[in-house]
There are 2 protein chains.
Amino acid sequence: MGILNIGIIGLGCVGMGVVEILKKNRALIAKRCGHELVITRGVVQDLSKKRAVDFPLSDRLEDILEDPSIDVVVELMGGVEQAFQVAQRALKQKKGFVTANKAMLAQHYYSLQNLGAMGFEASVCGGLPILNALQEGLGANEVLGIQGILNGTTNFILSQMEQGQDFASALQQAQALGYAEANAHLDISGLDSAHKLLILTFLAFHIQPSLDEMFIEGIERIKLIDMHYAKRLERTIKHLALAHKQGDKIALSVCPVLLDQNHVLARVEGVMNGVCVLGDCLGESFYYGAGAGGLATASAVVGDLMGVLNKKFYPTSPTPHTLKTPQEIQSAYYLRVDLSQYNNPLSLISPVLEECHIKICAYFQEDKTCIVITEIATQAHIQQALLLCRQIPELQGIYAMRLYP
Amino acid sequence: MGILNIGIIGLGCVGMGVVEILKKNRALIAKRCGHELVITRGVVQDLSKKRAVDFPLSDRLEDILEDPSIDVVVELMGGVEQAFQVAQRALKQKKGFVTANKAMLAQHYYSLQNLGAMGFEASVCGGLPILNALQEGLGANEVLGIQGILNGTTNFILSQMEQGQDFASALQQAQALGYAEANAHLDISGLDSAHKLLILTFLAFHIQPSLDEMFIEGIERIKLIDMHYAKRLERTIKHLALAHKQGDKIALSVCPVLLDQNHVLARVEGVMNGVCVLGDCLGESFYYGAGAGGLATASAVVGDLMGVLNKKFYPTSPTPHTLKTPQEIQSAYYLRVDLSQYNNPLSLISPVLEECHIKICAYFQEDKTCIVITEIATQAHIQQALLLCRQIPELQGIYAMRLYP
């Protein structure tokens, strides 16, 4: 039985999870992949921190990248440009490369993909093998749609808010429990989900859209009162990443939605992740599991380590793509206006909606809030209406959320 | 770009699905796997049937097995021994081998596994890539438990019965819709699920139990009245395949259960399949999708075709195993007695249960039926109690079902 020598860069939560798994499931892993996985060197930023590892540590990337005995490089350092350089150098030297770095892949997937075989299962939905499913199990399918809860922190906060906790304290709790990044902006703003949706999009549709082309909205503006109205509408608020193909056009968005309570994603609670994939042959399939956590994410990293050197790779370039424009994306919307300043907002909203060709489906007013549910409208018309409303002092705080589906 | 020459044996529903997918997604598949997949020959039993295919057909297995230009053999003929011979011959000639044949694999997996790389994703849960997930994505995990709805026909019948249709007419409908095998015994009796559970067990635990060692019960004895009581108990009746590891022992069973309504498998309806896997690193993950249907199953066959020749294989022999005995498997039980013959069955059941060390948790009697819910008891004690009850004429028809979890 051969030995696979691994150099690991970054020994935070996920890195130490990799160390732990390779220790406790050593024999099982060797039996399954035909060789022993041994970490022979680690590189960390701060050597003064004590770490319970039995391999030498250094703080120089070269110690791994220029060591010819190392077969596979695991990059868990985070960041974009330096991690990209590490990936390039590792692949150019025909080393295997395994990463959990979604921000880096969202930007550089295609140039790396042409250099060699890499494993990046851990970059989307932690330990849940959704990339594997897309690339292999569903490889025969034209993918027609993807719907996912891809960020555990956001989903945890929304689940807590559903129980009555307010946004700030739910975020604080997520940070205390170690779910949220220290800088939670990436989670909350939807950017982390957008990075992951891009990676899914690369694999499913073979296109290369950029973040700028996508509609991305975070959860910062959701209030407790929205949870109340969601229940009344028999819906639940979830932050979804959506990709739908129609003809040659693909619609991409990352945003909170009022989700039908019977939708399979409505039951994904707390830090869990879930992804629905619609394939032209298989139909709908659904994948659910822990999207965060050191050991769960490390489970995907080690899974990649077991197979990366056997992986065949076929250099591909992205297919030219056309995304759907806001004029082409349609949905019913939920509009919320705070009434503290004015108690007859409908008289102000109605003419604006009419001007923007948006019809009102339902309307109700309670305490100090007014809710309007629109008929199906284009995203462009809604955006135009919001712009116009925000010019009216009494409607400045208007908030809109899609009803989905 | 290279060409992969495929010989296909069997052109029923799944076989024709493979033909269809290779036609409609030809370019996409070639792009993804780096070579074109071309069926160069088909072997069928009845050459007189008309089939819309553009490759030559014959009725001699040798025409595929002895053709050196064929790279991969797809076996969709069914049956056990002849299919096993086909597999052996293909693998010994270093051809790739792809199959959907669970009955054959349940018996011969380990001897084939030592001959070469095979693809058999389609053998369990149709198009849902659950074997891929177990082998690759979750490869770093010690598997601690598997719970699955592995047979679409059985699940369809139970879903229909939940809506008020009786067993016989639900089965008829399943057959009319093409879900059930012509001989539905394999589905209904639980044998088909047992074959699939064995395959999952090979991959997850690396052991080789036989069918005789497993507790297997079908759905034939479930009555409409059980659906009524299930609802009253806030449970739903599902036919589950269960594997649980505790220490060095594994409990395997395939049987109908009264499942907690909040369990994720409770929402798997109709012909869909679902599998929960508990891994020691990842925790719980769940996979859901079409477990039957020509195109869905063919989706897995083609997925396998795309990768089988790149697959590394490591000859392994099964680890010695100890299964839990009925003395070690515990559960609460639902007992149903028909009262048409006698209206005070409790006076007869109570002493038997007491003799078998089984305590009664709840009891209710309605119309012509008496239901007893037991406290947690061993399977051995329940089996003993059923034997004793069936010797009492008034209790002959007693039926028992596990509460799960």
Side-chain angles (χ1 to χ4, degrees), chain A residues 17-18 20-22 24-25 28-29 31-35 121 126-133 135-142 206 264 267 272 274 276-277 279-290 293 295-296 298-307 310-314 316 319, chain B residues 17-18 20-22 24-25 28-29 31-35 121 126-133 135-142 206 264 267 272 274 276-277 279-290 293 295-296 298-307 310-314 316 319:
Chain A
V18 172
E20 184 182 336
I21 294 176
L22 290 185
K24 82 170 173 167
N25 289 348
L28 187 68
I29 289 168
K31 177 172 182 153
R32 284 180 181 160
C33 76
H35 43 252
E121 184 63 74
L128 187 68
I130 179 68
L131 302 188
N132 196 245
Q135 292 182 285
E136 303 194 12
L138 274 72
N141 288 257
E142 184 187 352
H206 311 287
V264 65
R267 293 164 197 134
M272 300 305 276
C276 297
V277 182
D280 69 337
C281 305
L282 178 56
E284 188 169 277
S285 58
F286 172 62
Y287 310 84
Y288 167 90
L295 214 54
S299 152
V301 172
V302 178
D304 276 349
L305 282 170
M306 293 168 71
N310 298 334
K311 241 178 152 176
K312 286 263 161 164
F313 82 99
Y314 311 98
T316 51
T319 313
Chain B
V18 171
E20 184 180 336
I21 294 175
L22 289 184
K24 82 170 174 168
N25 289 347
L28 186 67
I29 288 168
K31 177 171 183 154
R32 284 180 182 162
C33 75
H35 43 253
E121 184 62 75
L128 186 67
I130 180 66
L131 303 187
N132 197 245
Q135 291 182 286
E136 303 193 12
L138 274 73
N141 288 257
E142 184 186 352
H206 311 287
V264 64
R267 292 164 198 134
M272 301 303 277
C276 297
V277 181
D280 68 337
C281 305
L282 178 56
E284 187 169 279
S285 57
F286 172 63
Y287 310 84
Y288 167 90
L295 215 54
S299 152
V301 172
V302 178
D304 276 348
L305 282 170
M306 293 167 71
N310 298 333
K311 239 179 157 178
K312 286 264 160 165
F313 81 100
Y314 311 98
T316 52
T319 312

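Throughout, a chain's letter reflects where its sequence line sits, starting with A, and its residues are numbered from 1.
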Gap separating the CZ atom of Arg267(B) from the CZ atom of Phe286(A), nearest 0.5 angstrom: 10.0 Å
Any Leu28(B) side-chain heavy atom under 4.5 Å of His206(A) side chain: yes
Any Cys276(A) side-chain heavy atom under 4.5 Å of Tyr288(A) side chain: no
Heavy-atom pair with the smallest gap, counting every atom of Ala300(A) and Gly127(A): CB-CA, 3.9 Å
Closest non-hydrogen atom pair, Lys24(B) against Cys281(A): CE-SG, 4.1 Å
Relative to chain A, which segment of [X] carries a heavy atom at a distance below 4.5 Å: side chain, backbone, both, or neither?
{"X": "Asp304(B)", "result": "neither"}
{"X": "Glu136(B)", "result": "both"}
{"X": "Asn25(B)", "result": "side chain"}
{"X": "Lys31(B)", "result": "both"}

Against chain A, work out which of [options] has the most heavy-atom pairs shorter than 4.5 Å and name it.
{"options": "Pro129(B), Ala140(B), Gly137(B)", "result": "Ala140(B)"}
{"options": "Cys33(B), Gly307(B), Ala133(B), Ala298(B)", "result": "Cys33(B)"}
{"options": "Asn132(B), Val302(B), Val277(B)", "result": "Asn132(B)"}

Where does [X] contact chain B at under 4.5 Å (heavy atoms): side chain, backbone, both or neither?
{"X": "Leu138(A)", "result": "both"}
{"X": "Asn310(A)", "result": "both"}
{"X": "Glu142(A)", "result": "both"}
{"X": "Leu128(A)", "result": "both"}

Lys312(B) atom NZ, over 12 foreign heavy atoms within 6.0 Å: no
I'd like to know if the side chain of [X] and the backbone of [Y] have a donor-acceptor N/O pair within less than 3.5 Å.
{"X": "Glu20(A)", "Y": "Leu295(A)", "answer": "no"}
{"X": "Asp280(A)", "Y": "Asn141(A)", "answer": "no"}
{"X": "Glu121(A)", "Y": "Ile130(A)", "answer": "yes"}

Pairs of heavy atoms under 4.5 Å with chain B: top-ranked of Gly293(A), Gly34(A), Gly17(A): Gly34(A)
Chain B contacts, top residue of Ser285(A), Gly303(A), Gly289(A), Gly283(A) (heavy-atom pairs, under 4.5 Å): Ser285(A)
